[in-house]
Every structure is written in structure tokens, then in C-alpha cells.
Amino acid sequence: MHISDILNDNRVGLDVETRGWVYRSRESGKLIFMVIRDSTGIVQVVIEKDVVSPEEFSMAKKATIESSVEIEGRCFKEQKAVTGYEIHATKIKIYQIAENFPITKDKSDEFLLDIRHLWLRSREMTAVLKMRETVLDSIRGFMKEKGYHEVQPPMFVGGMVEGGSTLFEVPYFGEKAYLTQSSQFYLEAFMYSLENVYTISPSFRAEKSRTRRHVTEFTHYEAEAAWIGNQQMMDLEEEMVLFIIRNLLETNREELDIVKRDVSKLKAVEKPFYRYTYEKVIEIGREKGLQLSDAADLGEKEERTITEDFDKPIFVYNFPIQLKPFYHRPDPDDPTHVLNHDLLAPEGYGEVIGGGERTWKKEELIRRMKEENLNPEDYQWYVDLRSFGSVPHSGFGLGVDRLLTWLTGLDHINKVIPFPRTMRRLKP
RNA sequence: GCCGCUGUAGCUUAGUUGGUAGAGCACCCGGCUGUUAACCGGGAGGUCAUCGGUUCGAGCCCGAUCAGCGGCGCCA
């Protein structure tokens, strides 16, 4: 049985059997205290020399950290044991004596990345993996209830290039293919079929970024919905983020404790989120001492300064048109701005969502492309979508890993990704 | 890409004006019947990132190279 099933009063006095890996082991002459770990938790096992066979005892003494073991014994309540219960072993079977495990109490972030294939089994990473799962489950549950369909866009894409973007090039039967940077354009195609669609897929960016929130491969949650405007899309995102937080608090209190998250900060997040125009945010930045021009783009430092004192996420909407790509719809009431929004996480974490209304009229789309010196022919099929019953629509893209970094309160995106990929790290 | 910092045992690190490379953890051997990343005794483990230079003598000073980290920039 799993360790979590042992850690309760119902098992006290009963014989149990469990298996896992040696988490700690201390021996004291005729006594061995062995803490074992499985996917559900840790529990102390006491092995007494006079209770088990001499062979079992000497094997147990040799059991190193991470050795795989199976234990039979009786369960006791014991305050002195790490998790409050312990097993007095009557039988112990060793599957493999582990080689010298390289991770000890002294470890650097860098070293943990080098041996990530082993660090994955730590309590910290195990907790993160469980919380990741909760976030993804929450997204799927929420979107299903809202009538959205999950779709699978391609990861290999053709020569669609936006100016300034950085694509990974891969050989493709004598041609060049690229790894997708975003599935947005494909979601817009799916929209004409299913109306409300979303995907959770990897996106790839060949950016030579060296910041705590950039990686070259990340989990991208993107949605697109017909007949929806910018403000309505923000409503949906707000509800969705709250749903994820509630689920996480309900499902993963233990994991949040393991990563030392201050849960009061998460509990404080409630409706409504702040909603400020771009100009208002520039004003807030200036009040906090930032030197910002009227149409300054917000860098990481600016976002951190602006968001660090906030207790709830902030929507920033209607950016100056020159800051945003052609597919954002210009505001009909103010063509110098687009109907878009970013969602900035509080506590200094910054941008987690970018979204807004799409330019849906064919002529306007082509005009915007030309204004940005792009050739509409390079986007032939995307433009073609506007030729057959085009409709107003909106969408967004959320960086799952960035969201998780905020929710877990960790200081670097590479701590929430099992095998993070950066400019300088491709292994393990 | 630019700027800065760092590189000493498997890991985390100390190393004084340039003068015999030191510790903790992990590992091996021995001891201990209630340990909490135990404790006590012993042991093994080093091309001081690499290459070159200065010097009687370099972990330390100088130069180059490599690697990593941090910040900036970049950033559907």
C-alpha cells in the first residue's frame, strides 16, 4: 500500500506492507531508522536486529539512499517519527542497493539542473509535478464547463515568420520547417469549426534570453473564441485563474507547504482583478519612480516594480498600436490603440497572459500587415480565413510555467519545469 | 549579443603580503537500542577549469581560451 494510506490512525496496530526508496537511513548499533519514500509521502521504518533475520539486518545496514525496498511490519503512532507514524519491520526486501547518490544536503541550483533526472524524485520536485498536474486538470475542467473544445495544432510549421520573432529551424525533407512559437493562428482556423477552442501545447522560442522567466520550450495554453470581445475575454481569464487557485489550495496544501508557499497570498486573490489601461499603468510606474516614455514597452524590470506591491493580478489593456503585432484589432473608437490585454501576476511575477481581439476584417488585416512591412502572401492561409464568413473573435495565450512559478512562489521558471530547456541547457 | 561575477575533492566551500592545498557533507572501516539531513573514533579521496607568462617559488599576480551563473537587451 502507499505511504499516504499508512499515515492515519486507522492503521495503528495493524500489519502493513509498503515499498519505495530509502529517503534517509540512520543506524545505531542494533537499531536502524530508515525513512522510506514513495510517490505519496515518507514514513519512518524501524528495523531491530532481534526482530528480522541476520541476513535482512545486514542488508538493511547496507541500504544506501535511494535503494529500492519493500517492507512488512506493524504500524505504530509515534510522535518522534517524521510524519507521526512508523512501521516496525518484520520483513525487509531490498530490490537494489543504490550506488552512491550524488545529491546531499549541500547543493546548488546549477548542480540540481545538471542532475535533474535524479532531482526529479526529490520532495520539492514531486510537489511541483503534482501542482503542475492540478493546474492542467483545472484548465481542462474549466474549459470543458465553459463549452470549449480541446484541439491539437501542429508543432512543425511552414515559413510563417513574423518580423523579429525567433524560430527554431529544423530540416524537413529537403525543406525548412520551424518549431511553432504559438498556436494562435491555427486556433483561429479551428474556431470556424468548433467556435470555442483551446490547446495546451509546447511552444518554442529561439530567444537568447537570460532571465528567470524565459525558456526555449514552454507549455502554452492558448484559447480562441468566436463572437467574444476583449473585456469578455478578460472576464473569462479572471474566472479561470481564480478557479485554478481554488483548486490548487484545495488539492495541494501539502505540496504548497513543501515548496514553502505563503498560501495567505493565494487566498487573498479574488474578484475583481485590477483593470487598467496601458496609460494608467505607465502612470503607476512613474509614481514608483520608473523613467517611462509615453509609449514605452514594459520590460521585466518595469513589470516587477509595478506588480510587486499588488495583492491581485492586474489586467493591462488597450496598448498603443505600435507596440503590438498586426493581428491585434485596432480600437474602432481610438485607432491609435488596440483591443488587447496582458495579465500581470502580482508579487513581482509579471506577465502570464497576453490576449485580445483579433483583426477580423480582411482589408484591415492586410492594411495592418503592410504597415508593419509584412507581405500578406507569406500569411496566405491566415488571410484566407477572413474570406469566408469572418467573425469578431478574441483569444489569449497563457504561459503555464510562468503561472506555476507565481502560484508556487518559486524564484525561477526552471524550478517548475521537469526538464527545462534554455539557450545553454539541453541535457538531461 | 553586451556588461559583470565565478570556476579548489562526488557536493558545499576556506585558503592571509605569492612560501608544504584545509574543512563539512557524501563514501569506506569500527562503535552505539530512539535516531530526526544523529553522534564518537579511524580511513580514502586534489592535473586548484585549460593553456601560456611573471617569479627562486603561483590556488593566489598577468594574458588568452573554455564553461557556468547573474543583470541588461531581445521576447505573438
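Any value given below was found using the heavy atoms of this structure, including those in side chains, with hydrogens, waters and symmetry copies removed. In what follows, chains carry the letters A, B, and so on, assigned in the order in which the sequence lines appear, proteins first and then strands, with residues in each chain numbered from 1.
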Whole-Å distance separating the CG atom of D106(A) from the P atom of A37(B):
14 Å
Distance, rounded to the nearest Å, where F101(A) contributes CZ and C11(B) contributes C1':
12 Å
Do S209(A) side-chain and C74(B) base share a donor-acceptor contact under 3.5 Å?
yes
G18(B): pairing nucleotide in any strand, Watson-Crick or G-U under 3.5 angstrom
none
Across the strands shown, which category fits H88(A) at heavy-atom distances under 4.0 angstrom: base, sugar-phosphate, nothing?
base
With both distances under 3.5 angstrom, what nucleotide forms a Watson-Crick or G-U wobble pair with G41(B)?
C29(B)
Distance, rounded to the nearest Å, where E110(A) contributes CD and U6(B) contributes P:
15 Å
Flag the pair R205(A) / T166(A) as yes when at least one side-chain heavy-atom distance between them is below 4.5 Å, and no otherwise.
no
Mapping M423(A) and S25(A) onto RNA chain B by nearest heavy atom, which one lands closer to the 5' end?
M423(A)
Note: for Q44(A) and T180(A) on RNA chain B, the residue whose nearest nucleotide lies more 5' is Q44(A)
Please give the nucleotide sitting opposite G46(B) as a Watson-Crick or G-U wobble pair, both distances under 3.5 Å, or none.
none
Report which part of the nucleic acid R212(A) touches: base, sugar-phosphate, or nothing (heavy-atom distance under 4.0 Å, all strands).
sugar-phosphate
Pair assignment for A67(B), Watson-Crick or G-U wobble, requiring both distances under 3.5 Å:
U6(B)
Answer for the Watson-Crick or wobble partner of U54(B), both distances under 3.5 Å, is none
Would you call R402(A) and E303(A) a salt bridge, using N to O less than 4.0 angstrom?
no
What contact category does R205(A) fall into here, base, sugar-phosphate, or nothing, at under 4.0 angstrom with non-hydrogen atoms?
sugar-phosphate
Checking base pairs now: Watson-Crick or wobble, both atom distances under 3.5 Å. What partners C72(B)?
G1(B)
